[in-house]
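A, B, ... follow the sequence lines: proteins, then strands. Residue 1 opens every chain. All values below come from the heavy atoms of this structure, side chains included, with hydrogens, waters and symmetry mates left out. Here the structure is a predicted model, which means the values were calculated and not measured.
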There are 2 protein chains.
Amino acid sequence: MKIAKPVSEKKLTLIDVAVAAGVSAITVSRVINQPDKVSETLRVQVQKAIDTLGYIPNQYASSLASSKSKVIGVSIPTLSNTVFTDVLRGIYDVLNNTGYKVLLVDTHYSPLEEEKMIRTLLSQAPEAMIITGGDQTRTCQNLLQKSRVPVVQIMELLLEPLDMNIGFCHWQAGYDVATHLLEEGYSRIGFIGARMDPRVQQRMQGFKKALEEVDKFQKNFIATTPEPSSIAVGGELFKSLLASTNGVVDAIFCANDDLALGALFESQRMNIKVPDDLALCGFNDIEASRFVNPSLTSVQVGRYEMGIKAAEMVIKRLNGDTEGPKVVDTGYQIKKRESTRN
Amino acid sequence: MKIAKPVSEKKLTLIDVAVAAGVSAITVSRVINQPDKVSETLRVQVQKAIDTLGYIPNQYASSLASSKSKVIGVSIPTLSNTVFTDVLRGIYDVLNNTGYKVLLVDTHYSPLEEEKMIRTLLSQAPEAMIITGGDQTRTCQNLLQKSRVPVVQIMELLLEPLDMNIGFCHWQAGYDVATHLLEEGYSRIGFIGARMDPRVQQRMQGFKKALEEVDKFQKNFIATTPEPSSIAVGGELFKSLLASTNGVVDAIFCANDDLALGALFESQRMNIKVPDDLALCGFNDIEASRFVNPSLTSVQVGRYEMGIKAAEMVIKRLNGDTEGPKVVDTGYQIKKRESTRN
DNA sequence: TTGTATGCGTTATCAG
DNA sequence: CTGATAACGCATACAA
């Protein structure tokens, strides 16, 4: 049995392989996709031709014909925040072993941009989507529902998920942080937040509620900015809050650890002792929080695990399994450290 | 002019839009891809139909017909390191506005895994590839060359780039850091490094060379580990180095800022004064380095800009422009801060 | 087990 | 500027 040499110029197709192996195109297709449905003899013969020629299937023709893209769309607000890249890592680690490809978009926290990007994603006919949060535009949600792709909304628990949902309750987490600070004996408690995306808003509302319940909420104890969150901004907001409260604030809930680090570093420069003069609590529990001095109380959330689970939910659904729960609460845990020890 | 209502059941095609707008399919295609080639009247009319119906083009059909995938493959060692996600951000920010999609893979720093992933990427017929560094397996490099896709190798300057190359010289950066420390009067200078990927190795070699030139290199002043880099590991390596040098080390070049922060936090706990008792220099200049106390000397490299430029090089090449330089040195800058002020 | 006919949704080519 | 027709490469459905 002779097999033709590779013709390096033109693109190889199923037919080239079929001719080389002396079979029909569909048989080659089967050798690739359903090897069990082809006899041993032909399978070996065809595989040899494939290897010899160096044939690589055309995914686009395949997707078009089968309407299966093997693509999963993922949308996150930003690549600059370890919170999201940790989740991403979980998603990639699961999906890369399943033959699915990830198509990632970065919405820059803008629902409008998100709509545009999700439109692009949908044109790739993804078999499923993993998207962040629930503040998509109405149009965008319609697009998603009309497309009928399985959707997992991650990072936060939603009142009305589009489909599947995995995350935790930011409101409750904010409430619990405030409670922790109250329990530690602090009473003039402030809040600083940046970007103010829906999840930060919820943390703030939970925080506010807890203070209101004990009649300790004061409007001027809140400092926020629409700017992106950063250590620098944390320092700025910290100074604003000191000013607006005439320095009487005795504890601050920072909407995330970057802000908290900024506040901590600034307080060190101002010679304000943490936690003696002032308590600080962050959110997300990034690695630095555990090691900085004083160590920073923060709220741990299983980001990598959330990514893993979201991807697993997707895979399960794609395998036709509709049994599992559609909503998963991944919870959180307040890590009490030196910065709030009274 | 009436336009039909969306029929939510079947998938919309060009033809549906064409019928709704009362034109031919190819005209709709042109409105989408070459709007200038369609008269104002028809363009508006067709666009209206597209919007009303919520039509989304099928990229697979498009790619099959035009043999253009509009895909660019990107390979990075890990998603856990801001160094790479910053570059990624630059890449996405450029590419998202050009109609190209990014197919990203995370190689976990393993050339073997990289080879496997790049093989997968190639079956998507990417129009170009952006990959990290130069330590691909021989097989992998052959695959890339045979595929004839434009390739940009990023993060470091290579002796023999496969095609295009953008980055800076890590060896020289390491050399310069050592020189800076020597100039500040330090003379018992150590090095700590983790993961020990090719770029870290180069920084270490440059560092070593500078010390050797003034006869100040000592083998036991080096502490490394193959473990992933982290703040925690920085603290550990710091303690090892103190032990192996009997505490006489007076300056440490940390292969990155995470390690440096770990060393700094640990030194604070051990009551070792930086920079009075010990100088610390990091690498990458992450945000924390600028704000921590004492602020941390580090080496700034334009990561986001590198991503931007890499993507721009790719786009240029894809547009048939072969003029520009194939190798770009993005340089670096030592940010001298409190932690090395003698 | 293997093969034939046909369609997937778009774009290239060439006419009008 | 607009349209008819034929690819693009593969997989589905059915036949043999």
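- The A:Tyr55 side chain lies nearest to D:dC10 when the options are D:dC10, D:dT2, C:dG3.
- Taking atom OH of B:Tyr60 as the reference point, atom P of C:dT11 lies 15 Å away to the nearest angstrom.
- Within the 4.0 angstrom heavy-atom criterion, only backbone atoms of the sugar-phosphate kind lie near B:Asp36; the bases stay farther away.
- The backbone N or O of B:Glu323 lies less than 3.5 Å from a partner atom in the side chain of B:Asp321, making a donor-acceptor pair.
- Between the A:Thr132 side chain and the A:Ile154 main chain, no donor and acceptor come within less than 3.5 Å of each other.
- If you measure from atom NZ of B:Lys70 to atom C1' of C:dT10, you get 15 Å, rounded to the nearest angstrom.
- Electrostatic pairing of B:Glu113 and B:Lys116 does not count as a salt bridge here, judged by no charged N lying under 4.0 Å from a carboxylate O.
- Here C:dT2 presents its P atom at 10 Å from CD of A:Gln45, a figure rounded to the nearest Å.
- Here A:Ser39 reaches the OP1 or OP2 of C:dT2: one of its side-chain N or O atoms lies under 4.0 Å away.
- Under 4.0 angstrom from either OP1 or OP2 of C:dT10 there lies no side-chain N or O belonging to B:Ser29.
- Nearest nucleotide to the B:Asn33 side chain, out of C:dG7, D:dA13, C:dT11: C:dT11.
- As rounded to whole Å, 23 Å separates atom P of D:dG9 from atom NZ of A:Lys68.
- Closest to the side chain of B:Ala61, out of D:dC10, C:dT11, C:dT10, is C:dT10.
- For A:Leu64, taking side-chain heavy atoms from C-beta onward, the closest of the listed nucleotides D:dT12, D:dG9, C:dG3 is D:dG9.
- A:Glu127 places a side-chain N or O within donor-acceptor distance of the main-chain N or O of A:Ser69, the cut-off being under 3.5 Å.
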Hey, mind stepping through A:Leu103 and B:Leu103 against side-chain contact (heavy atoms from CB on, under 4.5 Å) and telling me if it holds?
-> CA-CA 6 Å; A:Leu103 223 42; B:Leu103 224 43; 3.3 Å; yes
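- With rounding to whole Å, A:Lys37 atom NZ is found 15 Å from C:dG3 atom C1'.
- The side chain of B:Ala65 has C:dT11 as its nearest neighbour among C:dT11, D:dG3, C:dC8.
- Rounded to an integer number of Å, the gap from B:Ile56 CD1 to C:dT10 P is 11 Å.
- Rounded to whole Å, atom C1' of C:dT1 lies 8 Å from atom CZ of A:Arg30.
- Side chain of B:Thr13, nearest nucleotide from C:dT10, D:dT12, D:dG3: C:dT10.
- When each of C:dT11, D:dG9, D:dT12 is scored by its nearest atom to the side-chain atoms of A:Ile26, the top-ranked nucleotide is D:dT12.
- Heavy atoms of B:Thr27 sit under 4.0 angstrom from primed sugar atoms or phosphate atoms, though from no base atom.
- Contact of the A:Arg30 side chain with the A:Ile26 side chain is registered, since non-hydrogen atoms from C-beta on lie closer than 4.5 Å.
- Each of C:dT11, D:dC10, D:dT2 was ranked by its minimum atom distance to the side chain of B:Ser62; first place goes to C:dT11.
- Per the geometry, CD belonging to B:Gln34 stands 13 Å off P belonging to D:dT2, to the nearest Å.
- Residue-level contact check: A:Leu14 touches the backbone only, with heavy atoms under 4.0 Å from sugar-phosphate atoms and none from bases.
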